[in-house]
Amino acid sequence: VLTAGGGGIGACTIKGCVALECHNDAIFGNQVSDCQGGSSDYYAISAETAIKCRGYSGTSFAVASRTAVGCYGYSDSGTGVLADMAQACFGETYGNAGFGLRAWVASSCYGYNYAGGTGLWSLKVANCCYGYAATGTGLSAHIANSCLGETSTGTAQAITYKYNMP
């Protein structure tokens, strides 16, 4: 699907599809894998489970999923990847209030915020993760194990309990 005024592709199981330049959700379903979605104002990829998906959103979530594995998300001003459980995901944003990657539990993930927001924010546990923010917080987590947060001029790390880290 290319250039949809509304939504792109919606189904229970979606594999190997592309929906770009959508105004609403580009790809939405229960099981979404190997897909690429782009939305100007809404979710690029919205799924219960997203596997190896790529999403771009102008102002919202690029990839939003309960479980995200091997996904990449980029948002101009929103959040790159939003998940309950994220594994081996990479999220980026330029949003001052956005998150590169935001998850309850993140494992082997990367989150970048090139503005004043947060690179990677794990509400519970981050394991082997990296977060960077230009002027915001690089990595924020309740519990972090073997993680690293960096910043140019903000706060590198905001972690309650650190394990195997400086």
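Small disclaimer: the values here were computed from a predicted structure and weren't measured.
- Contact detail for Gly131 and Leu139: the closest heavy-atom pair is N-CD1, 3.9 Å.
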Does the side chain to side chain contact (heavy atoms under 4.5 Å, CB included) test come out yes or no for Thr79 and Val81, once each step is laid out? CA-CA 6 Å; Thr79 295; Val81 175; 5.8 Å; no

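- Every residue was checked against the side-chain hydrogen bond (donor to acceptor under 3.5 Å, both in side chains) condition with Asn30, not counting sequence neighbours, and none meets it.
- A donor-acceptor distance shorter than 3.5 angstrom exists from the side chain of Asn113 to the backbone of Gly98, with no hydrogens or angles considered.
- Note: His142 and Tyr161 have perpendicular aromatic rings, judged against thresholds of 30 and 60 degrees for the angle between ring planes.
- Applying the ring-ring contact (aromatic ring centres under 6.0 Å, His included) test to Tyr72 and every residue at least two apart in sequence or in another chain returns Phe90.
- Here the closest non-hydrogen pair linking Ala44 and Gly37 is CB-O, 3.3 Å.
- Heavy atoms only, all atoms of each residue included: Ala62 and Gly80 are closest at CB-O, 3.1 Å.
- Using modelled atom types, one side-chain atom of Ser65 and one backbone atom of Glu48 make a donor-acceptor pair closer than 3.5 Å.
- Note: Cys147 SG to Met165 CE = 5.5 Å, rounded to the nearest 0.5 Å.
- Proximity of a side-chain donor or acceptor of Asp25 to a complementary backbone N or O of Tyr43 within less than 3.5 Å is detected.
- Side chain of Asn96 to main chain of Ala115: no donor-acceptor pair is present (N/O by atom type, distance under 3.5 Å, no hydrogens or angles).
- In this structure, Gly55 and Val63 approach most closely via the heavy-atom pair N-CG2, 3.9 Å.
- In this structure, CD1 on Ile9 lies 4.5 Å from SG on Cys17, to the nearest 0.5 angstrom.
- At least one side-chain heavy atom of Asp41 sits less than 4.5 Å from a side-chain heavy atom of His23.
- Across all non-hydrogen atoms, the minimal contact from Cys109 to Ala88 is SG-N, 3.7 Å.
- The side chain to side chain contact (heavy atoms under 4.5 Å, CB included) test with Met85 singles out one residue from Val105, Val69, Thr49, Val125, and that residue is Val105.
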Does Tyr130 form a side chain to side chain contact (heavy atoms under 4.5 Å, CB included) with Tyr112? I'd like the steps, not just the answer. CA-CA 9 Å; Tyr130 175 82; Tyr112 287 80; 3.4 Å; yes

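- Here the side chain of Thr151 pairs a donor or acceptor atom with the backbone of Ala133 at under 3.5 angstrom.
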Evaluate Cys89 against Leu101 for side chain to side chain contact (heavy atoms under 4.5 Å, CB included), listing each step before the verdict. CA-CA 8 Å; Cys89 292; Leu101 186 140; 3.7 Å; yes

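- Side-chain atoms of Ser122 come within 3.5 Å of backbone N or O of Trp104 as a donor-acceptor pair.
- Going from atom SG of Cys129 over to atom CG of Leu148 covers 11.0 Å, rounded to the nearest 0.5 Å.
- Aromatic ring orientation, Tyr94 versus Tyr74: perpendicular (interplanar angle above 60°, classes split at 30° and 60°).
- Rounded to the nearest 0.5 angstrom, Tyr56 OH and Asp76 CG are separated by 3.5 Å.
- Residues Tyr42 and Phe61 keep their aromatic ring centres 6.0 Å or farther apart.
- Scanning all heavy atoms of the two residues, the minimum distance from Ser75 to Gly58 falls at OG-O, 3.9 Å.
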Check the pair Glu150, Gln157 against side chain to side chain contact (heavy atoms under 4.5 Å, CB included), reporting the backbone distance first and the verdict last. CA-CA 7 Å; Glu150 294 182 313; Gln157 298 176 158; over 6 Å; no

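- The distance from atom CG of Asp84 to atom CG of Leu123, rounded to the nearest 0.5 Å, is 9.5 Å.
- No donor-acceptor pair closer than 3.5 Å links the side chain of Thr118 to the backbone N or O of Leu120.
- A 4.5 Å side-chain heavy-atom check between Cys71 and Arg54 finds every atom pair outside the cut-off.
- How far SG of Cys53 is from CD1 of Ile45: 4.5 Å, rounded to the nearest 0.5 Å.
- By the neighbour-count criterion of 12 heavy atoms within 6.0 Å, atom CZ of Phe28 is densely surrounded, having more than that number from other residues, nucleotides or ligands.
- At a threshold of 4.5 Å between non-hydrogen side-chain atoms, the residues Tyr114 and Thr93 do not count as touching.
- Within the 4.5 Å cutoff, the side chain of Gln36 has heavy atoms near those of the Leu20 side chain.
- In this structure, Thr135 and Ser152 have side chains that are not in contact, with every pair of non-hydrogen atoms separated by 4.5 Å or more.
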